[in-house]
Amino acid sequence: MNEIPLSARPVRVRFAPSPTGPLHMGGVRTALYNYLFAKKHGGAFLLRIEDTDQARFVPGAEEYILESLRWCGIVPDEGQGVGGPHAPYRQSERKPMYRQYAQQLLDSEHAYYAFDTPEELEAIRELALTAGNPNWQYNSITRGSMKNSLTLPAEEVERRLASGEAYVVRAKIPRNEEVKFQDIIRGWVSVHTLNLDDKVLLKGDGMPTYHLANVVDDRLMDITHVIRGEEWLPSAPLHILLYRFFQWEAPGFAHLPLLLRPDGNGKLSKRDGDRLGFPVFPLDWHNSETGETASGYRERGFLPEAFLNMLAFLGWNPGDNREVFSLAELIDAFQLHKVHKAGARFDFEKAKWFNQQFLRNLPPASLAHLLKDDLLRRGVAVPAPAYLEKAAVLLLDRAVFSSDLYENGSYLFHAPAHYDAEMMSKKWTADSPARLRILAERFAALPAFSAEAAEGVFKSYLTETGLGFGILGPVLRLAVNGVTVGPSVFDIMALLGREESLKRIHAACDAN
RNA sequence: GGCCCGUUCGUCUAGCGGUUUAGGACAUCUCCCUUUCACGGAGAAGAUCACGGGUUCGAAUCCCGUACGGGUCACCA
């Protein structure tokens, strides 16, 4: 398995979230970078579920992760939900496998049994804290005075083990050594083992901790590159050490910069979302405990490719001035080592701009489809396909989200429910109804009703009466649209058709 | 607090020792287009490249320090 040097093996990367809640956008970006890197190099992208903490398991979280990736179009080649040669891909189901690796470390004396209870450890930490040490560690110095297989007589250890007493397996970190590794994004990173502690590898419940599980699984699943968040950087040296203990070649590492919150300090957290008026999750998340719903990008109206494009550019760019990229183009242009080192502050305005770009590039048929879905959701009658498409195209310039199509142009789907009060008082006069009725008569008399013909009628009426466009134009608009903004009123009337247009003009005259 | 990582316009960033009077995008403002709103186009404003020392003929780019920011210090991931 390790005869072929890492660099020569086909690229295999993994996204390994833990199902402790909804995946947030930072997680999606990590998945995306992994995916882009894999595809760029013709490799495989795997999805592994890290559910070794049974206390933090959240029902529905795994399904949420799977659905989020599916919506984004980040399809795993292998892993939870799709299967593969290294199944199972859920760590809880791999539980028996980890024990033998812990044993291997125990046998080679790179790990040891520890019997200290969580309560005892907590007491020691508290004591250390009052003594002025805020950071007590179970390490090469303190382990000599703890209850473990290094300090206890062999028979005593045997006895405790045999009696079924709870224990953990801890890594035996060497005392005085510099651990170095070359991060693909950050370059050389080095940490002295004096600053590392004897991390628990196997927990009291027999489950591995993240540290053991990720190293073992990455090895077993033939992972060549570990691409994960910066929050893992401090424990990367431990992982390097673990690979060495096992005498395994370590994969390449790349620690991604964090996504920062738009206001104040700190990383973007799951709680920041709706508080600041934008989603932090890909999909809506319904918290069954609190009954609250956190909003998602999908439901907010984002196109998956726009969402991905936006995320990709939070920390990376192709080095030229292009900004709008399809997933395929992202794969082509992506370079992991070009990822920025510093954290990126998220900006929702820019996110909206990306969506607008993608929306505008959509073919009319797709646009019509999105509009139809939106109308259905709102319970608005859906017009014929040809009408739908023309309406969508007509309204496109004013839309950032597909939902804006209807929100800014509801008058294309039903008569205005009311007339803009402010504009009415400004533009509608006592003469308006009479003028509109004359126009209506002339529209009715047109041999063929079209935008050009209607505009012709309107303009000749203006020259005839000497009225300015600014006087009568808004009045016509109010009658037809209810508002004074939007596409050309003649285009709107042409789409509505003569009958509907006349109906609205008369209705407005009657009502005002 | 210890350790680790980072620091270019308000924001995302380009830049890898000379081609830079530091480029682009979002946001802001102005003008044009449109007798509406948007779209589009043109332009403006906005960064003494955190600061201080080096190295060099020459530094945003290399080195060291300081400051600031972030991450991390669990039988969580």
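Proteins come first, then strands; the chains are lettered A, B, ... in the order of their sequence lines, and each starts at number 1.
Take the nearest nucleotide of RNA chain B for A/G319 and for A/T52: the residue whose nucleotide is more 5' is A/G319. Residue-to-nucleotide proximity on RNA chain B shows that, of A/G470 and A/Y210, the 5′-proximal contact is made by A/G470.
No more than 12 heavy atoms of other residues, nucleotides or ligands sit less than 6.0 Å from atom NZ of A/K390. No more than 12 heavy atoms of other residues, nucleotides or ligands lie within 6.0 Å of CZ in A/R99, so this atom counts as exposed by the packing criterion.
Relative to the side chain of A/R360, the nucleotides B/C26, B/A77, B/C39 differ in distance, and B/C39 lies closest. Nearest to the side chain of A/W353, among B/C26, B/A77, B/G15, sits B/C26. With B/C75, B/A25, B/G23 as the choices, the nucleotide that has an atom nearest any side-chain atom of A/E323 turns out to be B/A25.
A side-chain hydrogen bond (donor to acceptor under 3.5 Å, both in side chains) check over residues 460-484 of chain A, counting only residues at least two apart or in different chains, returns the pairs A/R442-A/E464. The salt bridge (charged side-chain N to carboxylate O under 4.0 Å, His left out) pairs that include a residue from residues 13-27 of chain A are A/R14-A/D218, where partners are two or more places apart or lie in different chains. Listed by first then second residue, pairs satisfying salt bridge (charged side-chain N to carboxylate O under 4.0 Å, His left out) with a partner in residues 338-350 of chain A read A/E323-A/K350, A/E349-A/K352, not counting sequence neighbours.
Looking at heavy-atom distances under 4.0 Å, A/P118 makes contact with a base. Looking at heavy-atom distances under 4.0 Å, A/D320 makes no contact with the nucleic acid at all. A/G132 comes within 4.0 angstrom of no nucleic acid atom, judged by non-hydrogen atoms across all strands. A/G229 comes within 4.0 angstrom of no nucleic acid atom, judged by non-hydrogen atoms across all strands.
Nucleotide B/U21 has no partner under the Watson-Crick or G-U criteria, as no pair reaches both atom distances under 3.5 Å. Nucleotide B/C29: paired with B/G43 (Watson-Crick or G-U wobble, both distances less than 3.5 Å). In this structure, B/C49 forms no base pair with any nucleotide, since neither Watson-Crick nor G-U wobble geometry is met with both distances under 3.5 Å. The partner of B/C68 is B/G6, judged by Watson-Crick or G-U wobble contacts that both fall below 3.5 Å.
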List the steps, then state whether salt bridge (Lys or Arg N to Asp or Glu O under 4.0 Å) holds for A/R360 with A/D397.
CA-CA 8 Å; A/R360 296 169 59 79; A/D397 283 347; 3.2 Å; yes

Any chance you could lay out the side-chain hydrogen bond (donor to acceptor under 3.5 Å, both in side chains) test for A/S190 and A/E178, step after step, and finish with the verdict?
CA-CA 7 Å; A/S190 86; A/E178 197 70 25; 3.0 Å; yes

Report the C-alpha distance between A/R170 and A/D116 in whole Å, list the side-chain angles of each, state the deciding distance to 0.1 Å, and finish with yes or no for salt bridge (Lys or Arg N to Asp or Glu O under 4.0 Å).
CA-CA 11 Å; A/R170 285 184 182 272; A/D116 321 87; 5.1 Å; no

Verify side-chain contact (heavy atoms from CB on, under 4.5 Å) between A/I173 and A/D197, making sure each step is shown before the conclusion.
CA-CA 7 Å; A/I173 301 297; A/D197 63 338; over 6 Å; no

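The side-chain tip of A/R160 does not point at the ring of A/Y167 from less than 6.0 angstrom away and within 45° of straight on.
An OP1 or OP2 oxygen of B/U11 is reached within less than 4.0 angstrom by no side-chain nitrogen or oxygen of A/K352.
One N or O donor and one acceptor, one from the side chain of A/K350 and one from the base of B/A25, sit under 3.5 Å apart.
Look at CG on A/L194: it is 18 Å from P on B/C73, rounded to the nearest Å. What separates CG of A/N361 from P of B/G40 is a distance of 11 Å, to the nearest Å. Per the geometry, NZ belonging to A/K338 stands 7 Å off P belonging to B/A14, to the nearest Å. Straight-line distance from the CG atom of A/N317 to the P atom of B/C26: 15 Å, rounded to whole Å. Per the geometry, NZ belonging to A/K426 stands 20 Å off P belonging to B/U35, to the nearest Å. Spacing between atom CG of A/N214 and atom C1' of B/A77 amounts to 10 Å, rounded to whole angstrom units. One interatomic measurement links the two molecules: CZ of A/R90 to C1' of B/A77, which rounds to 17 Å at whole-angstrom precision. Across the protein-nucleic acid pair, A/H211 atom NE2 and B/A74 atom C1' stand 10 Å apart, rounded to whole Å.
Partner of A/L359 under the side chain to side chain contact (heavy atoms under 4.5 Å, CB included) criterion, out of A/D404, A/V400, A/L370: A/L370 alone.
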Give every pair of a protein N or O atom and an N or O atom of nucleotides 44-47 of chain B that lie under 3.5 Å apart, one pair per line with the distance.
none

Show each protein N/O and nucleotides 1-10 of chain B N/O combination with a separation under 3.5 Å, one pair to a line.
| unit_1 | atom_1 | unit_2 | atom_2 | d |
| --- | --- | --- | --- | --- |
| B/C5 | O2' | A/R186 | NH1 | 2.4 |

Taking N or O atoms only and anything under 3.5 Å, show me the protein contacts with nucleotides 36-38 of chain B, one pair per line.
| unit_1 | atom_1 | unit_2 | atom_2 | d |
| --- | --- | --- | --- | --- |
| B/U36 | O2 | A/T484 | O | 2.9 |
| B/U36 | O2 | A/G486 | N | 3.1 |
| B/U36 | O2 | A/G486 | O | 3.4 |
| B/U36 | N3 | A/R477 | NH2 | 2.9 |
| B/U36 | N3 | A/G486 | O | 2.5 |
| B/U36 | O4 | A/G486 | O | 3.2 |
| B/C37 | O2 | A/R398 | NH1 | 2.5 |
| B/C37 | N3 | A/R398 | NH1 | 2.4 |
| B/A38 | O2' | A/D397 | O | 2.3 |

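Using a distance-only test at 3.5 Å, with no hydrogens or angles considered, no donor-acceptor pair links the side chain of A/S235 to the main chain of A/L238.
A gap of 23 Å separates the C1' atoms of B/C57 and B/G15, to the nearest Å.
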